[in-house]
Amino acid sequence: MKRLGLLLAASWLILPAMAGAAEMSAYGTTLIRFSQQSTPGFEKQSLAPATQYLGLDAAGLADGNLSVNFYGWERVDLQNRSSDDGRTEGTVSSAYLKYLFPRANGEIRAGRFMLLEGVAREPVDGISAAADLHAGLRLSLFGGKPSAIGLDNDARGDWLAGSRLSYNFAGRSELGVSFLHAGNSPSKEITLGTERTVADRRELLGGDIWLSPFSAVTLGGRTSYNTVTSGIAENDYTLAVKPARNVTISANFSERNMKDLYSGTNLPSLFKPDSADKVRNLGGAVTITAGKPLALTLDYRRTKRSTYVNIDRYGGEIRLAEDKLLTGGLSYHRVSVAGSAATGPETPLYDPSYHEIRGWFLHDNGAFTASLDAIGHFYDDKNNPGLYGEAAAFEVIASTGFRPLSYLSISGDVSYGQNSLNKSEFRGLVRAEFSAAANLKGVSK
């Protein structure tokens with residue numbers, strides 16, 4: 001748990017660097033949430049956590065190619081505790097130096113940052129470097145220590161290292177291969193609530209692809225392989241085609257094998273799935289723009305889990321947009337579960353299928369915003385034990401805001417809903433956002 005002065009201390013550390021910068025920027029969001037929940041069998045509970053997000057950037061340092069970046073947050077409970085970590089909590093999400101080399105499109109980063117290089121997709125305290133080699137080849141190298149980013153997690157490993165090599169052809173395609181090795185990072189096998197360590201390391205090997213042979217066709221995706229468990233961890237591919245100016249067609253296929261994907265996860269406290277489970281998604285969507293303001297989208301997705309039955313989600317949305325001043329939409333989706341499921345040998349079978357209806361609108365004229373969003377789920381079988389006799393759940397959210405200054409906006413949300421757990425739930429939020437930038441001459445941007 002971090003102290004309340006964390007953000008201010010980090011701000012004072014970065015200010016000397018910002019003073020000599022060619023460009024400086026600061027941005028942040030202040031959130032004050034409040035909620036009141038009424039759950040059968042429990043006393044009414046009120047919560048009021050206040051959270052401050054703060055970002056500071058300084059560019060144009062040294063020879064003009066060095067920049068400093070910082071982002072963090074801090075939470076304080078104004079009423080009852082909203083977290084098991086106490087009344088205050090915070091962390092530095094990112095704090096790093098970045099240098100751009102004038103040749104070979106090279107760059108180097110050092111500090112705490114989000115690593116996105118092929119199979120490496122996680123926060124890290126370390127260093128990364130990348131540069132173009134020759135004839136479309138590019139090499140990235142990285143190393144450091146996995147960062148928990150404020151999570152209480154001691155099983156993330158002591159260090160990691162890896163690389164990605166990619167080839168880009170004429171801006172129309174890119175192929176990449178990447179590797180990640182994390183030392184002293186337990187890879188676990190989790191089955192029906194029990195787990196055992198299968199190796200004291202985490203290793204992933206992967207490939208990624210992006211193809212756009214024509215402007216109307218794009219294919220992108222990735223595959224990762226867990227060398228510790230000797231299995232495919234993930235496949236995820238998306239194809240987008242635009243056969244006409246007002247028609248867009250997309251298709252997606254994804255497959256995740258839990259025992260291979262999460263055996264050595266950087267966040268094992270969040271992901272402890274049954275290792276026998278395999279999740280496969282196949283779906284697509286068609287969007288047709290009928291004139292300028294109206295768009296119709298039809299979509300379908302089938303989810304197949306090896307430990308459960310098939311789930312189909314299909315429906316459509318009508319969206320209205322008029323010169324960005326008024327947007328809105330109305331959608332309907334059906335979630336259909338093949339057959340029925342049971343929670344135990346003596347529990348009656350039930351059908352978890354339901355209908356989903358949503359309507360929303362947004363007005364934004366630059367100085368004032370207003371929105372309304374309503375969603376409802378209507379279940380086929382209220383005997384589903386997870387519904388506690390309720391046949392429907394809904395929530396309505398209203399929001400409004402204004403911009404008194406060019407760099408400051410203030411807004412608020414209120415919502416009310418009912419569901420199987422809460423007979424009534426009221427929530428609210430007050431938000432203040434600022435963003436300002438200046439150059440050496442102090443000109444506001």
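Numbering starts at 1 and runs along the sequence shown.
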For this session: Check the pair Asp277, Lys259 against salt bridge (Lys or Arg N to Asp or Glu O under 4.0 Å), reporting the backbone distance first and the verdict last.
Result: CA-CA 7 Å; Asp277 204 7; Lys259 70 180 181 64; over 6 Å; no
Exercise. Are Leu204 and Asn226 close enough, and set up right, to give a side-chain contact (heavy atoms from CB on, under 4.5 Å), and what steps lead you there?
Worked result: CA-CA 5 Å; Leu204 292 174; Asn226 190 325; 4.1 Å; yes
For this session: Give, for atom CD1 of Ile375 and atom OG of Ser331, the distance between the pair rounded to the nearest 0.5 Å.
Result: 7.0 Å
Exercise. Are Asp299 and Val286 close enough that some pair of their side-chain heavy atoms sits under 4.5 Å apart?
Worked result: no
Exercise. Considering all heavy atoms of both residues, which atom of Val337 and which atom of Ser353 are nearest to each other, and what is their separation?
Worked result: N-OG, 3.0 Å
For this session: Apply side-chain hydrogen bond (donor to acceptor under 3.5 Å, both in side chains) to the pair Gln418 and Ser424, showing each step before the final yes or no.
Result: CA-CA 5 Å; Gln418 295 182 6; Ser424 65; over 6 Å; no
Exercise. Taking atom CD1 of Ile318 and atom CG of Leu298, what is their separation to the nearest 0.5 Å?
Worked result: 9.0 Å
For this session: Would you tell me whether Ser35 and Arg33 have side-chain atoms, one donor and one acceptor, within less than 3.5 Å of each other?
Result: no
Problem set entry | Distance-minimising heavy-atom pair for Phe378 and Ala392 | CD2-CB, 3.8 Å
Exercise. Can Val119 and Glu203 be said to form a side-chain contact (heavy atoms from CB on, under 4.5 Å), step by step?
Worked result: CA-CA 10 Å; Val119 293; Glu203 287 182 350; over 6 Å; no
Exercise. Do we see a donor-acceptor contact under 3.5 Å between the side chains of Thr369 and Asp364?
Worked result: no
Exercise. What is the distance from atom CG of Leu429 to atom OG of Ser399, rounded to the nearest 0.5 Å?
Worked result: 8.5 Å
For this session: Using atom types as modelled and distance alone, determine if a side-chain donor or acceptor of Thr197 lies under 3.5 Å from a backbone N or O of Ala199.
Result: no
Problem set entry | Any Leu160 side-chain heavy atom under 4.5 Å of Glu122 side chain | yes
For this session: Start with the C-alpha gap between Asp158 and Lys145, add the side-chain angles, then the distance that decides, and say whether side-chain contact (heavy atoms from CB on, under 4.5 Å) holds.
Result: CA-CA 6 Å; Asp158 292 339; Lys145 178 180 176 61; 4.2 Å; yes
Exercise. So does Lys242 have more than 12 non-hydrogen atoms from other groups sitting under 6.0 Å from NZ?
Worked result: yes
Exercise. In terms of side-chain heavy atoms, does Ser147 have a donor or acceptor partner in Arg112 at a distance below 3.5 Å?
Worked result: yes
Exercise. Do the side-chain N and O atoms of Asp312 and Tyr300 include a donor-acceptor pair separated by under 3.5 angstrom?
Worked result: yes
Exercise. Looking only at heavy atoms, which two atoms of Leu325 and His363 are closest? And how far apart?
Worked result: O-ND1, 2.8 Å
For this session: With Arg172 as the cation and Phe169 as the aromatic partner, state whether NZ or CZ is under 6.0 Å from the six-membered ring centre and within 45° of the axis.
Result: no
Problem set entry | Side chains of Thr297 and Thr287, donor plus acceptor under 3.5 Å | yes
For this session: Answer whether the closest heavy-atom distance between the side chains of Asn419 and Glu425 falls below 4.5 Å.
Result: yes
Problem set entry | All side-chain contact (heavy atoms from CB on, under 4.5 Å) counterparts of Phe434, not counting sequence neighbours | Ala26, Leu54, Leu408
Exercise. Counting heavy atoms not belonging to Arg222, are there more than 12 under 6.0 Å from its CZ?
Worked result: yes
Seminar exercise, completed: When rounded to the nearest 0.5 Å, the distance separating CD of Glu395 from NE2 of His377 is 10.5 Å
Problem set entry | Any side-chain donor near an acceptor of the partner, Tyr237 and Thr223, under 3.5 Å | yes
For this session: Working to the nearest 0.5 Å, report the span between OH of Tyr53 and OH of Tyr27.
Result: 13.5 Å
Problem set entry | CG-CD distance between Leu165 and Glu117, expressed to the nearest 0.5 angstrom | 11.0 Å
Problem set entry | Residue pair His355 / Tyr332, side-chain donor-acceptor N/O under 3.5 Å | yes
For this session: Please report the C-alpha distance between Leu211 and Ser173 in whole Å, then the side-chain angles of each, then the deciding distance to 0.1 Å, and finally whether the side-chain contact (heavy atoms from CB on, under 4.5 Å) criterion is met.
Result: CA-CA 4 Å; Leu211 295 175; Ser173 65; 3.2 Å; yes
Exercise. Under a 4.0 Å N-O cut-off, is there an ion pair linking Arg138 with Asp132?
Worked result: yes
